[in-house]
Amino acid sequence: MVLKDKRILLGVCGGIAVYKSTMLARAMIKAGALVQVVMTDAATKFVGPLTFEALTERACLTDENLFHTGGGVSHVEVARNADLIVIAPATATTIARLAGGFADNMLSASVLASKAPILLVPAMHTAMWESVPVQRNLTLLNPQQYRILPPAAGDLASGDVGPGRFPEVEDIFDAVCAVASPQDLAGWRIAVTAGPTREPMDPVRFISNPSTGKMGIEIARAAQIRGAVVDLVLGPTHLNPPSELATGSMNVRKVLTTKDMLDSTKAALAGADALIMAAAPSDDRPAQVHEHKLHKADLPKTLQMEANPDILKTLRPDFDKKVIVGFAAETTSVVESGQQKLVDKGLDLLFANPVDNGQGFGAAANQGYLLSKDGALVVVESQSKFDVANLILDQVLKIGKRK
Ligand code: CTP
């Protein structure tokens, strides 16, 4: 939502990662942005401007435009029409041009003529990235205008391994959102829990539930985009936690059992302003955990269980001044059960959602009811979990300001 109608100048420089910036252009267009691509001469050797033109449905600008004599688009006009600039991939040469103020191609001329915020996404060989001139040039860029998303570490096109890789397109997309988004959670530290827990009965068997952690991960993602420092306590899931962006911060603590989750959540909450408890911790655990695998013949026919601690109930009394949010995934009496849990667990806010309608666990969208301590009830229509996350964060911000 944050990129809707945003005018984005996507600067593309010459490197093997150019083919991935076509996907970035597409992701930004899908999010409602108006994307103007400007390619350097070197970039056009990797991917033709036509590819970007087809994706963005507008002319892709190259050096031809800068040196056009018949009243073509000027770099000043391009600069004026950009709400934000993303340079991805940014090569050593373009970084040097910008650091030195050289306006000798369409991209650097347009960028130097703009006061818009810039997200720089360098990608190059490790030795180039770590070289003295590149690192020095980065320090010359105005930190008020430039955010630098550091390259990822891993396999490089050259066959070497190290920092220099173009980050995942989803991570660049989130960093663009962060640059475009109001930083209304800057200065906030938010603890979020996500995913199921696993309660082992022996080394190869456990009790768990179908939670994937998607809702909590989207909350963590949205909070970081809005400038918060996030502590994500994550149960076992196949989903990746959000990466750390050029703004905000993401600390991930992986846990297995409900007891582990309690310990990590307590530690995270101690330094936080709010806790959003989106995880689905197991309420019970097998009373006996066997050290070695039980063979079929030895498996008990009934499983003796004992209660796990209720994390919210345990932590609430010690953290009275903080904003505490719970979830309730229900199949019957959604609002009534939600209201009961809100009171029982002493929460400020609770999102109650039905999980027998194809939404809920693992789904991309969510719907339900946002219940507040003061009795307010907001019906949340079906929408992406990211959008639901932002609605919850809006409320957390409001409640936090009142506390
Ligand atoms: N929760 C918790 N500790 C637990 C179990 C749940 O803190 N051991 C939290 C969940 O993260 C959620 C809220 O409590 O935010 C409600 O969870 P839910 O499973 O719906 O409720 P329960 O208290 O477990 O009650 P029931 O299983 O009877 O519905």
Side-chain angles (χ1 to χ4, degrees), residues 190-200 206-220 223 231-237 253 255-270 272 274-287 305-320 322-357 359-362 366-373 380 385 388-389 391-393 395-396 399:
I190 300 189
V192 182
T193 68
T197 59
R198 276 184 194 170
E199 304 297 340
F206 56 81
I207 303 274
S208 192
N209 61 64
S211 168
T212 62
K214 172 94 175 144
M215 188 67 237
I217 287 173
E218 291 297 283
I219 293 170
D231 286 283
L232 174 62
V233 179
L234 186 60
T237 170
R253 302 161 195 250
V255 297
L256 197 66
T257 65
T258 297
K259 275 188 182 164
D260 298 340
M261 187 173 272
L262 171 62
D263 293 344
S264 290
T265 308
K266 188 173 182 184
L269 184 55
L275 166 65
I276 305 180
M277 188 81 204
S282 300
D283 291 321
D284 285 328
R285 60 177 184 268
M305 304 290 280
E306 57 189 28
N308 267 328
D310 185 299
I311 298 174
L312 283 173
K313 274 193 181 171
T314 311
L315 296 182
R316 187 33 144 170
D318 289 344
F319 296 101
D320 200 33
K322 310 201 178 196
V323 184
I324 311 277
V325 183
F327 275 70
E330 305 290 346
T331 54
T332 51
S333 324
V334 179
V335 174
E336 294 72 19
S337 301
Q339 252 144 4
Q340 183 75 46
K341 286 175 189 175
L342 181 87
V343 174
D344 248 25
K345 300 188 188 222
L347 308 176
D348 296 291
L349 195 68
L350 181 136
F351 184 71
N353 62 310
V355 284
D356 53 354
N357 57 356
Q359 300 202 333
F361 298 124
N366 211 348
Q367 70 173 111
Y369 307 88
L370 206 43
L371 313 172
S372 310
K373 194 182 179 175
V380 178
K385 285 187 172 170
V388 174
L391 289 178
I392 293 170
L393 290 169
Q395 294 300 321
V396 168
I399 298 167

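We're numbering straight along the sequence, starting at 1. Just so you know, ligand 1 is whichever comes first in the structure, and atom 1 is the first atom listed for that ligand.
- Contact atoms of ligand 1 toward Gly326: 15 (O) (distance under 4.0 Å to a heavy atom of the residue).
- Close contacts of ligand 1 with Ala279, meaning ligand atoms under 4.0 Å from a residue heavy atom, involve 10 (C), 11 (O).
- Not a single protein heavy atom sits closer than 4.0 Å to atom 28 (O) of ligand 1.
- Residues Lys322 and Arg316 approach most closely at O-NH1, 3.3 Å, considering heavy atoms.
- Between Val255 and Leu234, the closest side-chain pair of non-hydrogen atoms is not below 4.5 Å.
- The closest protein non-hydrogen atom to atom 17 (O) of ligand 1 is Phe327 O, 3.7 Å.
- Remark: ligand 1 and Lys341 share an N or O pair separated by less than 3.5 Å (distance only, no angle test).
- Within ligand 1, the atoms closer than 4.0 Å to a non-hydrogen atom of Asp310 are 2 (C), 3 (N), 4 (C), 7 (O), 8 (N), 23 (O), numbered from 1 in the order shown.
- Between the side chain of Asp348 and the main chain of Ile324, a donor-acceptor pair closer than 3.5 Å is present.
- Between the Ser211 side chain and the Ala280 main chain, no donor and acceptor come within less than 3.5 Å of each other.
- Under 4.0 Å from ligand 1, not a single heavy atom of Ser337 appears.
- Checked against a 3.5 angstrom limit, the closest N/O atoms of Asp283 and ligand 1 fall inside it.
- The nearest non-hydrogen atom to atom 23 (O) of ligand 1, considering only Arg316, Met261, Lys345, comes from Lys345.
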Legend entry - Residue pair Thr258, Glu199: steps toward the side-chain hydrogen bond (donor to acceptor under 3.5 Å, both in side chains) verdict: CA-CA 8 Å; Thr258 297; Glu199 304 297 340; 3.1 Å; yes
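- Ligand 1 has no nitrogen or oxygen under 3.5 angstrom from a nitrogen or oxygen of Pro281.
- Here is the list of ligand 1 atoms found below 4.0 Å of a heavy atom in Met277: 7 (O), 11 (O), 12 (C), 15 (O).
- For the pair Val323 and Leu349, the minimum side-chain heavy-atom distance is 4.5 Å or more.
- Ligand-side atoms of ligand 1 in range of Ala328: 20 (O), range being under 4.0 angstrom from any heavy atom.
- The shortest distance between side-chain heavy atoms of Arg198 and Thr257 does not fall below 4.5 Å.
- Atom 9 (C) of ligand 1 has its closest protein heavy atom at Leu312 CD1, 3.7 Å.
- For the atom pair Asp283 CG and Asn308 CG, the distance stands at 7.5 Å (nearest 0.5 Å).
- We find that Lys341 and Glu330 are joined by a salt bridge, their nearest charged nitrogen and carboxylate oxygen being less than 4.0 Å apart.
- The single protein non-hydrogen atom nearest to atom 8 (N) of ligand 1 is Pro309 O, 3.0 Å, given as residue, atom name and distance.
- The nearest heavy-atom contact from the protein to atom 3 (N) of ligand 1 is Ile311 N, 2.9 Å.
- Phe361 and Ala329 make their closest contact through CZ-CB, 4.5 Å (heavy atoms, listed as atom of the first residue, atom of the second, distance).
- Distance check on atom 19 (O) of ligand 1: every protein heavy atom falls at or beyond the 4.0 Å cut-off.
- Looking at ligand 1, you won't find any N or O of Ala280 less than 3.5 Å from one of its N or O atoms.
- Side-chain atoms of Thr197 come within 3.5 Å of backbone atoms of Ser282 as a donor-acceptor pair (strictly under, hydrogens ignored).
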